[in-house]
Protein chains: 2
Amino acid sequence: MHDLIMFLRENGIQATPQRLAVATVVLGSRTHPTADNVWQKVRKICPTASRATVYNTLNLFIEKKLVKPQFLREGTVVFDSLAGPHHHFIDEATGRIYDVPWDAVKVRLDESLEAFDIHAYQVVMRGRRRRNAPKN
Amino acid sequence: MHDLIMFLRENGIQATPQRLAVATVVLGSRTHPTADNVWQKVRKICPTASRATVYNTLNLFIEKKLVKPQFLREGTVVFDSLAGPHHHFIDEATGRIYDVPWDAVKVRLDESLEAFDIHAYQVVMRGRRRRNAPKN
DNA sequence: GTTCGTGCAAACGGTTTGCAACAAT
DNA sequence: ATTGTTGCAAACCGTTTGCACGAAC
């Protein structure tokens, strides 16, 4: 898409087929893919893309704040397609990670926390998703 | 200590010099050491302890619920000496992780979360610790 | 023609595993 | 004798890096 090229350019990123593929996969995804997940999908769109380029591109996107890395799992980083702050729920049975809307959790920080200058926070929940649960 | 041996035995763990060293280091620590941090300290107490044994022992302790692994950082797990639930604050400048008492943060979960059967949650905060901050 | 992006393979760092020696029961 | 524990080295897996080629300005 031409507007995707524009979008990248606006963020100081020169568009290339590989980067467009990574952007398509990672920006248009409600999931929380690992770098390798991204690579698997990217190769289908752009078979020449190497693992190194995918990693480099993801790091570039992090630097340019197009995606946010999350440390929610052992051993690997997952990428957040980033549309405003939100919380996370991790299904302990499947390992799947769900976004939880910001307003679904109310957090009140005690005064005792004045020792910390808190720039950001998130609630990380673990458990099991109920069987007949609605979308997301 | 004899009571430490007892404690391990109560948890179905056969005491050995290596395991006692790991227990001493990891259970009696307010910090959040990585496996390698633990190894460094353990070798001073028990020079024969190998890296593999420290890793194996830590995994054993996780399995027996004596410590809890936390995924708060890229690339490495840190271990929580585990005395009841609490939250975490990560100093973005130093990387240091601080325990935040459970009551210092009040969390109210919305009804919309009924889709999830939440077993546990924690708040992860990031920012900078203030210079003249009190203990912990 | 200099800069930037890429692919490949090698290197890297944290962690696990196979195996042979060794206690402990 | 069987079972469990250890040390070592090698394997492993996710990620980064060095380098030479190629495309873009």
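Numbered from 1 within each chain, the chains take letters A, B, ... in sequence-line order.
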Trainee: Contact between Val123(A) and Val100(A) at the side-chain level, heavy atoms closer than 4.5 Å - yes or no?
Mentor: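 Side-chain contact under 4.5 Å: no.
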Trainee: Could you state the CZ-C1' distance from Arg73(B) to dT15(D), rounded to the nearest angstrom?
Mentor: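 Rounded to the whole Å, the gap is 17 Å.
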Trainee: In terms of the nearest nucleotide of DNA chain D, which residue is placed more toward the 5' end: Thr53(B) or Asn56(A)?
Mentor: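 Of the two residues, Thr53(B) wins.
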Trainee: Does Thr48(B) put a side-chain nitrogen or oxygen below 4.0 Å from OP1 or OP2 of dT6(D)?
Mentor: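 Answer is no, no contact under 4.0 Å.
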Trainee: Nearest whole Å is fine: how far is dA23(C) C1' from Arg19(B) CZ?
Mentor: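 One finds 12 Å between C1' of dA23(C) and CZ of Arg19(B), rounded.
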Trainee: Report the distance from atom CZ of Arg43(B) to atom P of dT6(D), rounded to the nearest whole Å.
Mentor: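 Answer to the nearest Å: 17 Å.
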Trainee: Would you mind telling me which of His88(A), His87(A), His86(A) makes a side-chain hydrogen bond (donor to acceptor under 3.5 Å, both in side chains) with Gln122(A)?
Mentor: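 Only one of His88(A), His87(A), His86(A) forms a side-chain hydrogen bond (donor to acceptor under 3.5 Å, both in side chains) with Gln122(A), namely His88(A).
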Trainee: Taking atom CG of Leu58(B) and atom OG1 of Thr34(B), what is their separation to the nearest 0.5 Å?
Mentor: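 Here the rounded value is 9.5 Å.
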Trainee: Taking the ring of Phe79(A) and the ring of Phe61(A), is the distance between their centroids below 6.0 Å?
Mentor: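 No; Phe79(A) has its ring centre 6.0 Å or more from that of Phe61(A).
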Trainee: Among dT6(D), dA9(C), dT6(C), find the nucleotide with the atom closest to the side chain of Ala52(A).
Mentor: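 Output: dA9(C).
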Trainee: Detail all sub-3.5 Å separations between protein N/O atoms and N/O atoms belonging to nucleotides 19-25 of chain D.
Mentor:
none

Trainee: Distance check needed: dG5(C) P versus Glu63(A) CD, whole Å only.
Mentor: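 Going from Glu63(A) (CD) to dG5(C) (P), I get 11 Å.
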Trainee: Show the distances under 3.5 angstrom between N or O atoms of the protein and N or O atoms of nucleotides 12-15 of chain C.
Mentor:
unit_1  : atom_1 : unit_2   : atom_2 : d
dT15(C) : OP1    : Thr76(B) : OG1    : 3.4
dT15(C) : OP1    : Val77(B) : N      : 3.3
dT15(C) : OP2    : Tyr55(B) : OH     : 2.6

Trainee: Would you kindly say whether Glu92(A) and His119(B) are connected by a side-chain donor-acceptor distance under 3.5 Å?
Mentor: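 His119(B) and Glu92(A) do have a side-chain donor-acceptor pair below 3.5 Å.
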Trainee: Return the value, rounded to whole Å, for the distance between atom CD of Gln18(B) and atom C1' of dG7(D).
Mentor: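 The distance from CD of Gln18(B) to C1' of dG7(D) comes to 9 Å, rounded to the nearest Å.
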Trainee: Taking atom P of dT16(D) as reference, at what distance in whole Å does atom CH2 of Trp39(A) sit?
Mentor: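 Taking CH2 of Trp39(A) and P of dT16(D), I get 15 Å after rounding.
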Trainee: How many angstroms lie between atom CG of Leu4(A) and atom CG of Leu27(A), to the nearest 0.5 angstrom?
Mentor: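 The CG atom of Leu27(A) is 7.0 Å from CG of Leu4(A), to the nearest 0.5 Å.
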Trainee: Rounded off to whole Å, could you give me the CD-to-P distance for the Gln40(A) and dC13(D) pair?
Mentor: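 In whole Å, dC13(D) P and Gln40(A) CD are 14 Å from each other.
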